[in-house]
J.: 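Pasting a structure below so you can have a look.
A note on names: the letters A, B, ... follow the listed sequences, proteins ahead of strands, and every chain is numbered from 1.
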Protein chains: 2
Amino acid sequence: MPSITIHDVADYAGVSRATVSRVLNNNPAVDQALRLRVEDAIQALGYQPNRTARRLRAQSSNVIGLIISDIRNPYFLSIIQGVEDVAYAHQMSLILCNSDEDPTKEQMYLRVMEAEHVAGLIMVPSQSSEEQQLSRLKKIGIPVILLDRVADDFEVDAVKVDNERGAADAVRHLIALGYRRIATITGPVHLTTGRERYTGYRSALEANGLAYDEALVKIGNFKTESGYQLTRELLAMAEPPDAIFVSNNMMTLGALRALREQEIRVPQEMALVGFDDMPWSGDLYSPLTVVSQPTYELGQEATNLLLRRLADPGLPFRTVILQTRLIVRESCGAKLRS
Amino acid sequence: MPSITIHDVADYAGVSRATVSRVLNNNPAVDQALRLRVEDAIQALGYQPNRTARRLRAQSSNVIGLIISDIRNPYFLSIIQGVEDVAYAHQMSLILCNSDEDPTKEQMYLRVMEAEHVAGLIMVPSQSSEEQQLSRLKKIGIPVILLDRVADDFEVDAVKVDNERGAADAVRHLIALGYRRIATITGPVHLTTGRERYTGYRSALEANGLAYDEALVKIGNFKTESGYQLTRELLAMAEPPDAIFVSNNMMTLGALRALREQEIRVPQEMALVGFDDMPWSGDLYSPLTVVSQPTYELGQEATNLLLRRLADPGLPFRTVILQTRLIVRESCGAKLRS
DNA sequence: ATAAGTCTGGAAAACGATTTCTCTGAGAGT
DNA sequence: ACTCTCAGAGAAATCGTTTTCCAGACTTAT
């Protein structure tokens, strides 16, 4: 119960606490014989330095904060794992928070991170207008890395994916397959992900001489239910689309569900391309053609960026943009038409 | 950069640090006027008590450690959310670790938790023989709650699901539908989940007068690949089964993939019942009939158990057993046969 | 042989909060 | 009016480390 402190080790080895500390921190100015004696004592007592005390003294911790916007979304799983793996390799722990897309909760967690004196923070912001909070954190000296949803011009480190190009790839693919009436279900415009994927959709249409039709654009909230509803709306149109590009994984599931419910064959009667791959995307009712994000790498990259900044706070800010990859399965109809 | 301390607040309000501390902790022995002055100062400076210092002084923290065995498995998502929600409601933070089913990593994280002086620990053990580590943690006075994989007799608090009954429900359902040659793909015997689901399978067979056939039992490792391989083995048998009960979600995905690959129609040519529901289980190639675990509640319950123990360390140990629910979709063939 | 310089390791001051102890002053009781 | 009591607030110790400063001891050069 009363855990062993540096004091106990010092007593056991018959030296001062300072010496034990020096041994722990590999300070060369300690005699070999003493060092061994101290190390024996540490072994014998099973001593483990108290991280809290260390942190207090050092005014810095080896804890990374990670704020996710929706932990129920499997998209974040490999991201978390990417972060965790890199953090683990650098002996850092992870505090995980789930803002649940709720700005209040997010704000509260930001304060927790501050009080917790985490070394740095990786976050998927729930809303774009959090700049004041971020600048507040920056003022305290906690480095922040933004993930996934990132305005390019804001002066922080950030990691994201080339959303516009990814979306354009998907839509271009549909066009190449011969679809002409391509709808999109996209995300909220106040999130860069929603905006950029929409832009990609639109630019691909225009680059290929297809008319842009406002009626074919539905704005969802990245949740399954919204994908389901909006797909039904599209199906109810007088002149429904022949293909849908859905800009995230959960809404794609919703779309698929709506289509199946109405017994619309995918891709024969409606082609579908989604955003975000999942390990089971190929096992779905209709194996999904998707724009795949390198999620694990996103997590890794974010953590690397953070470690880099911790090592050298003076570096210029950087936004790392990773590329997506179009994975062609069956929901787009490529196999049918080729 | 130099964050505001209790000292600054004291200076600003013209009182001693002790008084500020008293205000913070709602100590009644402080004059109303002074209290207001201090609160103003706190507001004005935007002061936030340093949790590290608090933790050091109080020798206890408001951090809960959560060690998961495989973060890539969506099964843990709602568990994490359940834990997070309850923790959040009690102003506690979460340190998340992923042991990756690796005992070495797990051991290392246990040490981190110890050094981190977390208030308590919720863990999904990667192996059953960790008793020495657990008792070590218990010796230090960190309460541990075991989750999911739990030996009933071990004297810790634990939360699990009634695996045997869940498995038996599934198999009984298959039997009722008329299947007679029912195989199972189960988990490692050294995990209670694997063992108990196997027992449930076997007892359901025997209770219904069906012969138990060793050849129809395959032992996997709870990963997709293993479900895939073992299903292929079952299919390659001279006399293949007519139904398979797979004892976790990932292996069920593997099974489904193997079946689809060989163009075996589910459930017409092979019925399938899995363990663990996922939000998209109904959207798969064949909508899965599954034994659903109340994952969110598991997380909640584990956290409640932990909070309960933190509040009163003297309580007797308790194992909470939640019930599963059979969700009937199409992969078992119920709709065809009814 | 002595002075200067190098090592070693101990004592003590931080880090920021809490808590016990102590002291001051005001109010009450005689 | 004097003492006793008690409330309220400050001083100081404490939590477990790290780190600076300093004092001895030993080495080396003159």
J.: Would you sort out whether A:Gln300 and A:Val83 count as a side chain to side chain contact (heavy atoms under 4.5 Å, CB included), showing the intermediate values?
T.: CA-CA 5 Å; A:Gln300 281 187 312; A:Val83 172; over 6 Å; no
J.: Is the base of D:dT17 touched by the side chain of A:Arg54 through a donor-acceptor pair closer than 3.5 angstrom?
T.: no
J.: What's the CG-P distance between B:Leu56 and D:dT18, to the nearest Å?
T.: 12 Å
J.: Rounding to a whole Å, what distance do you find between B:Leu24:CG and D:dA9:P?
T.: 15 Å
J.: Heavy atoms of chain B, cut-off under 4.0 Å: which first and last nucleotide of DNA chain C, 5' to 3', fall inside that, if you could look?
T.: C:dG16 to C:dT20
J.: Could you measure the distance from the CD1 atom of A:Ile79 to the CD atom of A:Glu297? Nearest 0.5 Å is fine.
T.: 10.5 Å
J.: Roughly how many Å is it from CG in B:Leu34 to P in D:dA7, rounded to a whole number?
T.: 17 Å
J.: Looking across every strand, which nucleic acid part, if any, lies under 4.0 Å from A:Val30 by heavy atom: base, sugar-phosphate, or nothing?
T.: sugar-phosphate
J.: Scan A:Ala58 against the nucleic acid and name what it touches under 4.0 Å (heavy atoms): base, sugar-phosphate only, or nothing.
T.: nothing
J.: Which of these nucleotides, D:dA13, D:dG16, D:dT19, is closest to any side-chain atom of A:Ser21?
T.: D:dT19
J.: Is the phosphate of D:dG16 approached by B:Gln59 (side-chain N or O, under 4.0 Å from OP1 or OP2)?
T.: yes
J.: With sequence neighbours left out, write down each residue that passes salt bridge (Lys or Arg N to Asp or Glu O under 4.0 Å) with A:Arg309, or none if nothing qualifies.
T.: A:Asp157
J.: Quick one: is D:dG16 close enough that its OP1 or OP2 comes under 4.0 Å of any side-chain N or O from A:Thr5?
T.: no
J.: Let me know the distance between CZ of B:Arg57 and P of D:dT17, rounded to the nearest Å.
T.: 16 Å
J.: Could you tell me the separation between the CG atom of B:Asn25 and the P atom of D:dA9, rounded to a whole number of Å?
T.: 16 Å
J.: Answer whether the closest heavy-atom distance between the side chains of B:Ile68 and B:Leu96 falls below 4.5 Å.
T.: yes
J.: Which residue lies toward the 5' end of DNA chain D, B:Ala53 or B:Gly14, if each is placed at its nearest nucleotide?
T.: B:Gly14
J.: Looking at B:Arg22 and D:dG10, is any side-chain donor or acceptor paired with a base atom of the opposite kind under 3.5 Å?
T.: yes
J.: With DNA chain D as reference, determine whether A:Asn50 or B:Ser16 sits nearer its 5' end, using the nearest nucleotide of each.
T.: B:Ser16
J.: So, B:Asp40 and B:Tyr12: side-chain donor and acceptor under 3.5 Å apart, yes or no?
T.: no
J.: Do B:Leu307 and B:Leu305 have side chains that approach each other closer than 4.5 Å (heavy atoms only, starting at C-beta)?
T.: no
J.: Output the rounded distance in Å from CZ (B:Arg55) to C1' (D:dT14).
T.: 18 Å
J.: Select base, sugar-phosphate, or nothing to describe what B:Val20 touches, counting heavy atoms under 4.0 Å on all strands.
T.: nothing
J.: At what distance, to the nearest 0.5 angstrom, does CG of B:Leu77 lie from OH of B:Tyr296?
T.: 13.0 Å
J.: Measure from CG on B:Asp31 to P on D:dG10 and round the result to the nearest Å.
T.: 11 Å
J.: For the pair made of CZ in B:Arg35 and P in D:dA7, what is the distance, rounded to whole Å?
T.: 16 Å
J.: Are any non-hydrogen side-chain atoms of B:Ile67 and B:Met113 less than 4.5 angstrom apart?
T.: yes
J.: Select from A:Thr19 and B:Asn27 the residue whose nearest nucleotide in DNA chain C is closer to the 5' end of that strand.
T.: A:Thr19
